[in-house]
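For reference, the structure is listed below as structure tokens.
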Protein chains: 2
Amino acid sequence: MVEELDQRKRRILQAIIQEHIISASPIGSRTLAKKYSLDVSPATIRNEMADLEDMGYLEQPHTSAGRVPSDKGYRYYVDKLLRREEQDVNGIVKNIEELYQNLQNVQDIISNMAKMLSNMTHYTALVSEPKSQVSRLKKVELMQLEDNSLLLVFVTDTGMVNNKIINLGQNLSLRKISYLNKYLSDKLENKLLADLDVDYLNSLEKELLSRLDLSLELFNQFYNEFEGAFEPGSVKVYLGGTSYILEQPEFNDLKRLKKMLKVLDQEEMLSKIINSISGSGLEIKIGQENDVEDIKNCSLVVATYYISNRAVGKIGVIGPTRMEYPRVISSVDIISDILGNLISKASG
Amino acid sequence: MVEELDQRKRRILQAIIQEHIISASPIGSRTLAKKYSLDVSPATIRNEMADLEDMGYLEQPHTSAGRVPSDKGYRYYVDKLLRREEQDVNGIVKNIEELYQNLQNVQDIISNMAKMLSNMTHYTALVSEPKSQVSRLKKVELMQLEDNSLLLVFVTDTGMVNNKIINLGQNLSLRKISYLNKYLSDKLENKLLADLDVDYLNSLEKELLSRLDLSLELFNQFYNEFEGAFEPGSVKVYLGGTSYILEQPEFNDLKRLKKMLKVLDQEEMLSKIINSISGSGLEIKIGQENDVEDIKNCSLVVATYYISNRAVGKIGVIGPTRMEYPRVISSVDIISDILGNLISKASG
DNA sequence: TTTTAGCACTCGGCAAACGAGAGTGCTAAC
DNA sequence: GTTAGCACTCTCGTTTGCCGAGTGCTAAAA
């Protein structure tokens, strides 16, 4: 399937892709010969192009149009032709980090990084919140707000702070609250969230009920809120620069544009998209390689970001398959680094 | 400017608007005569239409097209021709409220109501968070997270919960924290946020510095976070159903669509839009009446929502001037009610 | 055997031309 | 004051024809 191409074919394929990334339209043999010093005539290029098409690296929108790279073509380009520029980015990273150092709140950091990334790449950026499964609970506390309402606050070591107001029918004495806090602290803090499953929480409930005469209601509410906040599906996805898709000529078609915007409008969809990337490093999905039906004409460049060496979330961009991969790849790389660092710092 | 129209003109204007709201295209005298039993011939209608155009209630996209209502026409329609259906909505309100009763978190409530409203109206919904100026601080508390980081939590009586992680260079003893909590509680709780201005906070700082030998750093951070969260400009605006604008034929034009989407992509813009509505009840801005340049071909239907009788935020929809006003108005009315109630309940 | 020049052919896109349809304004009759 | 009739206007969709870019093939050149 993935044959080796000879030198000339590689150069031609690369030239076509480069040209197409700029022009967004089919590339003909003539233009190619003129703009790139391939030292062969258009006719020869034509023959090579026909070969490349047979092999599946190029496509022809219709007879007598130029050629357009196929998904396979892009895949080859990304895997074999792209030399990742090991640019010296330390300076950049430092600069951006300093610029955003005053952001203390994880949500703010994420949405700012989404914006940053989209501005750098001119594509729409996607970032998922740190996922709860690999987070540890750092702090749980109930605070009394009013006679019959409590505020439940919990903080994870990935810096996520959640809070819920719990309304009770009943009044809870300060003593009981303080007892509860100590108890919950003991039983929950420093635990991996993945371990706080239904069974474990149930066992806590029983124990608590026997020790304090708490109404079941409190625990139910507590339980719901608590569980709800951490369930796997509930990771939020942040979007940045939605309007950049408008700049892409492939979405000048109204129907396509609508489809795309609808996808970006649905949170479940976004979550599906970004969770379809399973790897731990930087991953690229090109066109048909995507699992999600509605983005099979898009490419995804996604990196994992880390907090104290744990893979906690994803950050990436989505755009047309005709994407400026080199630039995008290094941007995603950089920003994923920065994101991890900023969150680490902010969450102590 | 706003003359009285005779009976026949009113009926014709109303018919044109109704028809245009359905068809989204210019209405001719013939169609009107056929579909509405106006008991006059097309020729007569033509004469009336010419009059209405002279008066500014109608517009003609070009000679020999039908007429289209102008902003002024819609204004007249909304003010004089629309009889607000005093439908019995108590049942609906109850139902929806029950449906969403389990939402405890103000942000969730808001974003759900934005979705709900957009689904009901099929236009894009805008909702602003409860504004801080009219909120009272219900609870302030510092919790220790780790040796040198604190979590600052504050809750307003409008149910907004804010939290910030504060990193200190220095370690703070539990005694000091508890002293601080008591002090801040004393000085800040139950105060109107509008009163917590720079002067007041400065005076606190001085007092605190003299009593505890707190590093200035803590207070600075505290102060920044605290102030930042409450500053007037920082009210978030929630969007619901962005993709509904895609269904409006007036945005089938790519250029217009792009412009609109760009507006909705910018948070400051949204904030400007929704804050341009100053009234306390339900307000309608039609086309040119809007202050914000980029939405001068849109209409806005916005209501204020209340928490314990204080006007705290706005909720509304944005769509083409050709809007289904009656339906939209009652939907916005209902949902603004529900929103206020839900938040009131959730925040105790 | 590989490369190239030449040539006929194909197709999309654009602009001009055209007719149908919907609508108007005006005039004159009712 | 209302209506019928008519000439006129303008948009929109369709058709037509043409240009340009590009291809594939063949035969000649290297």
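Bear in mind the structure is a predicted one, so any value in this text is a computation, not a measurement.
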Return the nearest nucleotide to the side chain of A:Thr31; candidates are D:dT11, C:dC11, D:dG22. D:dG22
Could you work out which one of C:dC11, C:dT3, C:dT4 sits closest to the side chain of A:Arg8? C:dT3
Taking the side chain as everything from C-beta on, heavy atoms only, tell me whether B:Met55 gets closer than 4.5 Å to B:Tyr76. no
Working to the nearest 0.5 Å, report the span between CD1 of B:Ile335 and CD1 of B:Ile96. 4.5 Å
Among the nucleotides D:dT23, C:dT24, D:dG22, whichever has the atom closest to the side chain of A:Gln60 is D:dT23
B:Lys9, NZ: over 12 other non-hydrogen atoms inside 6.0 angstrom: yes
Choose from C:dT24, C:dC11, D:dT3 the nucleotide whose nearest atom is closest to any side-chain atom of B:Asn47. D:dT3
Which of these nucleotides, D:dT3, D:dC10, D:dT23, is closest to any side-chain atom of A:Arg67? D:dT23
Side chain of A:Ser41, heavy atoms from C-beta onward: which of C:dA5, C:dG23, C:dG25 has the nearest atom to it? C:dA5
Quick check for you: among C:dG6, C:dG25, C:dG23, whose closest atom lies nearest to any side-chain atom of A:Arg46? C:dG6
Of the candidate nucleotides C:dA5, D:dT9, D:dT23, which contains the atom at the shortest distance from the side chain of A:Ala43? C:dA5
Step through the shown structure and confirm whether more than 12 heavy atoms of other residues, nucleotides or ligands are within 6.0 Å of NZ on A:Lys258. yes
Out of C:dG25, C:dT4, D:dT9, which has the shortest distance to the side chain of B:Ser64? D:dT9
